[in-house]
Amino acid sequence: MEGGIEPQTRQVIENLRTVLAGSGGQWERTVFARVYLTEFVRDYPAMNAVWEESFPPGGLPARTCVGVTALAVGALVEIDLVVAL
């Protein structure tokens, strides 16, 4: 996957928004997320900044961030969500 952590995080969020829109879900109704980072120490601050800007003020869901050794296709970040319907 191309780009650094910021463009990859933006792309993952856009992909999640697309999936949610197609299934009747709403990004703003995210209640929990798991974020996986291959370079946790290096990438956490930049990923977190993109994450925070993608939600309205005071609307951040609960979240767990985990450092992992590798992700599919060389990705730096992966995110999964729990969304209230």
Side-chain angles (χ1 to χ4, degrees):
M1 184 175 247
E2 293 184 29
I5 191 63
E6 291 166 339
Q8 285 193 27
T9 302
R10 284 188 175 82
Q11 185 62 57
V12 169
I13 289 170
E14 184 60 34
N15 293 350
L16 289 166
R17 286 177 182 267
T18 299
V19 169
L20 286 170
S23 63
Q26 296 176 327
W27 175 255
E28 294 76 16
R29 295 190 48 91
T30 300
V31 295
F32 181 79
R34 272 179 293 277
V35 179
Y36 306 92
L37 297 170
T38 59
E39 298 290 337
F40 191 93
V41 172
R42 180 191 74 190
D43 290 343
Y44 178 82
M47 176 284 303
N48 195 54
V50 173
W51 179 257
E52 287 182 356
E53 73 186 28
S54 70
F55 287 94
L60 289 173
R63 182 183 71 186
T64 299
C65 294
V66 180
V68 296
T69 58
L71 294 168
V73 295
L76 299 173
V77 60
E78 181 176 316
I79 302 171
D80 64 62
L81 305 175
V82 175
V83 178
L85 297 178

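All heavy atoms count here, side chains included; hydrogens, waters and symmetry mates do not.
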Is [Y] reachable from [X] through a run of I, L, V, M, F, W or Y residues, each pair having side-chain heavy atoms under 4.5 Å apart?
X	Y	value
V66	L71	yes
V50	V35	yes
L60	L16	yes
L20	W51	yes

Can you list everything that forms a side-chain contact (heavy atoms from CB on, under 4.5 Å) with [X]? Sequence neighbours excluded, please.
X	value
F40	L37, Y44, C65
V82	V31, F32
T30	W27, F55, P61, L81, V83

TODO: Provide the full list of salt bridge (Lys or Arg N to Asp or Glu O under 4.0 Å) pairs with a residue in residues 63-85, sequence neighbours left out, each pair given once.
DONE: R34-D80
Task: Partners meeting side chain to side chain donor-acceptor pair (under 3.5 Å) with E52 (sequence neighbours left out) - done: N48
Task: Any pair counted as side chain to side chain donor-acceptor pair (under 3.5 Å), so long as it reaches residues 64-73, sequence neighbours left out - done: none
- [ ] Of all the heavy-atom pairs spanning T38 and A75, show the shortest one and how long it is.
- [x] CG2-O, 3.5 Å
Open item on the list: Within this structure, what is the CD-OG1 distance for the pair E14 and T9, rounded to the nearest 0.5 Å?
Closed with: 13.0 Å
- [ ] Drop me the distance from E28's CD to R17's CZ, to the nearest 0.5 angstrom.
- [x] 5.5 Å
TODO: Ignoring hydrogens and angles, tell me if any N or O in the side chain of E39 forms a donor-acceptor pair with the backbone of L76 under 3.5 Å.
DONE: no
